[in-house]
Amino acid sequence: CTGRDNNDRKLRVEVKKAVADCTKKNREGHPEYRLLVDSITNRLRLVVGDMHWSQLENLMEHYRKKYARAGTTRSSDSVHKFVAV
């Protein structure tokens, strides 16, 4: 296991935690988490940092388009499927 692999795993865990936390707060009705996609986007930008942000944006856009074509209606579905990859 290289240092990069370990860092990637840690980052993935942090991303999953951020998405789960935002989703939980959205479901609990926290007003600042009412717009789930915006909340997740803001949190992920903080988690991944500027270096990885553009790459993450490109991947998220790919999954948004993929799941939009597949008929996914919940905006959080594509984010959860992205993070599970």
Side-chain angles (χ1 to χ4, degrees):
C1 178
T2 67
R4 182 170 185 232
D5 290 339
N6 194 34
N7 287 339
D8 287 348
R9 284 189 196 125
K10 287 180 182 178
L11 185 58
R12 182 176 291 200
V13 167
E14 291 301 313
V15 165
K16 286 183 177 185
K17 285 181 185 178
V19 171
D21 184 55
C22 289
T23 302
K24 179 180 180 234
K25 289 180 179 181
N26 171 269
R27 290 179 180 160
E28 291 173 347
H30 292 261
E32 61 273 19
Y33 291 87
R34 186 175 59 85
L35 300 174
L36 183 57
V37 172
D38 292 345
S39 300
I40 291 172
T41 300
N42 293 335
R43 181 77 69 86
L44 290 182
R45 190 168 197 156
L46 292 173
V47 169
V48 303
D50 290 334
M51 186 170 77
H52 297 290
W53 181 247
S54 63
Q55 180 183 11
L56 180 62
E57 274 187 314
N58 290 337
L59 288 170
M60 287 181 67
E61 184 61 26
H62 166 78
Y63 281 95
R64 278 189 208 113
K65 288 178 182 176
K66 178 180 176 182
Y67 289 103
R69 284 191 306 263
T72 301
T73 57
R74 289 178 48 212
S75 60
S76 62
D77 287 346
S78 61
V79 175
H80 286 291
K81 289 176 184 172
F82 163 73
V83 173
V85 172

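The first residue of the sequence shown is numbered 1, and numbering continues consecutively from there.
Taking OG1 of Thr23 as the start and CD1 of Ile40 as the end, the distance is 4.0 Å to the nearest 0.5 Å. Going from atom CG of Leu36 over to atom OG1 of Thr41 covers 9.0 Å, rounded to the nearest 0.5 Å. Between the CG atom in Asn42 and the SG atom in Cys22 there is a gap of 8.5 Å [rounded to 0.5 Å]. Of the inter-residue distances, the one linking Asn6 atom CG with Lys10 atom NZ reads 4.5 Å to the nearest 0.5 angstrom.
Listed by chain and number, the residues in a salt bridge (Lys or Arg N to Asp or Glu O under 4.0 Å) with Lys24 are Glu28 (sequence neighbours excluded). Residues satisfying the salt bridge (Lys or Arg N to Asp or Glu O under 4.0 Å) test with Asp21, not counting sequence neighbours, are Lys25, Arg43. Under the rule for a side chain to side chain donor-acceptor pair (under 3.5 Å), Glu14 has no partner lying at least two apart in sequence or in another chain. Scored by the side chain to side chain donor-acceptor pair (under 3.5 Å) test, Glu32 finds no partners at all (sequence neighbours excluded). Partners of Glu61 according to the salt bridge (Lys or Arg N to Asp or Glu O under 4.0 Å) rule, which considers only residues two or more places apart in sequence or in another chain, are Arg64.
Pairs passing the side chain to side chain donor-acceptor pair (under 3.5 Å) check and including a residue from residues 45-57, sequence neighbours excluded, read Trp53-Glu57.
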